[in-house]
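Worksheet: the structure to be examined is printed underneath.
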Amino acid sequence: QVQLVESGGGLEQAGGSLRVSCAASGRTSSIDNMGWFRQAPGKEREFVAGIAMSGSNTLYANSVKGRFTISRDNAKNTVYLQMSNLQPQDTAIYYCAARRGVLTSLTRWKYWGQGTQVTVSS
């Protein structure tokens, strides 16, 4: 099993920046990719960004390209999501996820964190 614990998030004004982190523990050798999804009230969970744990492959949703950056620290089994130029529509619960196999924007990831709230005020 793999456990994912998010940290960071909080309240920020529009145009500001926040960073969320996700630390993985357990059978981390079974993880090929880590990523972030988000779910706003009344909306479905959507893919935000993903990163392969080896190599340089990353994937971003069009809505965050150029504003969000995903990175990793393999020594710490931790993935970061640096969010810049935040907008009110970025308000959501942000979930960390991990999976084996290919990097994908589909929601069929095996492991999930509990989520961390990000709120952007206008």
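Just so you know, these numbers use all the heavy atoms, side chains as well, and skip hydrogens, waters and symmetry mates.
Proximity of a side-chain donor or acceptor of Arg99 to a complementary backbone N or O of Ile31 within less than 3.5 Å is not detected. When atom types are taken as modelled, the side chain of Glu6 and the backbone of Gln114 share a donor-acceptor pair closer than 3.5 angstrom. Without hydrogens or angle criteria, Arg100 side chain to Asp32 main chain gives no donor-acceptor distance under 3.5 Å. For Thr28 (side chain) and Ser25 (main-chain N/O), no donor-acceptor pair under 3.5 Å exists by modelled atom type.
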Test log, rule side-chain contact (heavy atoms from CB on, under 4.5 Å), inputs Asn33 and Ile51: CA-CA 6 Å; Asn33 308 284; Ile51 187 167; over 6 Å; no
Worked verdict on Ser17 versus Glu12 for side-chain contact (heavy atoms from CB on, under 4.5 Å): CA-CA 7 Å; Ser17 299; Glu12 182 58 74; 5.8 Å; no
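Taking the side chain as every heavy atom from C-beta outward, Ser7 and Val20 never approach each other to under 4.5 Å. A heavy-atom distance below 4.5 Å is found between the side chains of Cys22 and Met34.
Between Phe37 and Trp112, the distance from one ring center to the other falls under 6.0 angstrom.
Closest of all the heavy-atom pairs between Lys76 and Thr78 is O-OG1, 2.8 Å. Contact between Phe47 and Thr104 at its shortest, heavy atoms only, is CE1-O, 3.7 Å. The nearest pair of heavy atoms linking Phe68 to Val48 is CD2-CG1, 3.7 Å. Smallest separation of non-hydrogen atoms from Val79 and Met53: CG2-SD, 4.2 Å. Shortest non-hydrogen contact noted between Tyr60 and Ile70 is OH-N, 2.8 Å. Counting all heavy atoms, side chain and backbone alike, Ala24 lies closest to Leu4 at CB-CD2, 3.6 Å.
Separating the CG atom in Leu81 from the OG1 atom in Thr116 is a distance of 11.0 Å, to the nearest 0.5 Å. The distance from the CD atom of Glu46 to the OG atom of Ser105 is 10.5 Å, given to the nearest 0.5 Å.
Val2 and Tyr80 fall into different hydrophobic clusters, where Ile, Leu, Val, Met, Phe, Trp and Tyr are joined by side-chain heavy atoms under 4.5 Å apart, directly or via other members. There is no path of hydrophobic side-chain contacts, each under 4.5 Å, that joins Val64 to Trp109.
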Could you give the side-chain donor-acceptor pairs of residues 83-98 under 3.5 Å, partners two or more places apart or in another chain?
| from | atom 1 | to | atom 2 | distance (Å) |
| --- | --- | --- | --- | --- |
| Asn85 | OD1 | Gln87 | NE2 | 2.9 |
| Gln87 | NE2 | Asn85 | O | 3.2 |
| Asp90 | OD1 | Arg38 | NH1 | 2.9 |
| Asp90 | OD1 | Arg67 | NH2 | 2.9 |
| Asp90 | OD2 | Arg67 | NH1 | 2.7 |
| Asp90 | OD2 | Arg67 | NH2 | 3.4 |
| Asp90 | OD2 | Gln87 | N | 2.8 |
| Thr91 | OG1 | Pro88 | O | 2.9 |
| Thr91 | OG1 | Val120 | N | 2.9 |
| Thr91 | OG1 | Val120 | O | 3.4 |
| Tyr94 | OH | Arg38 | NH1 | 2.9 |
| Tyr94 | OH | Asp90 | O | 2.7 |

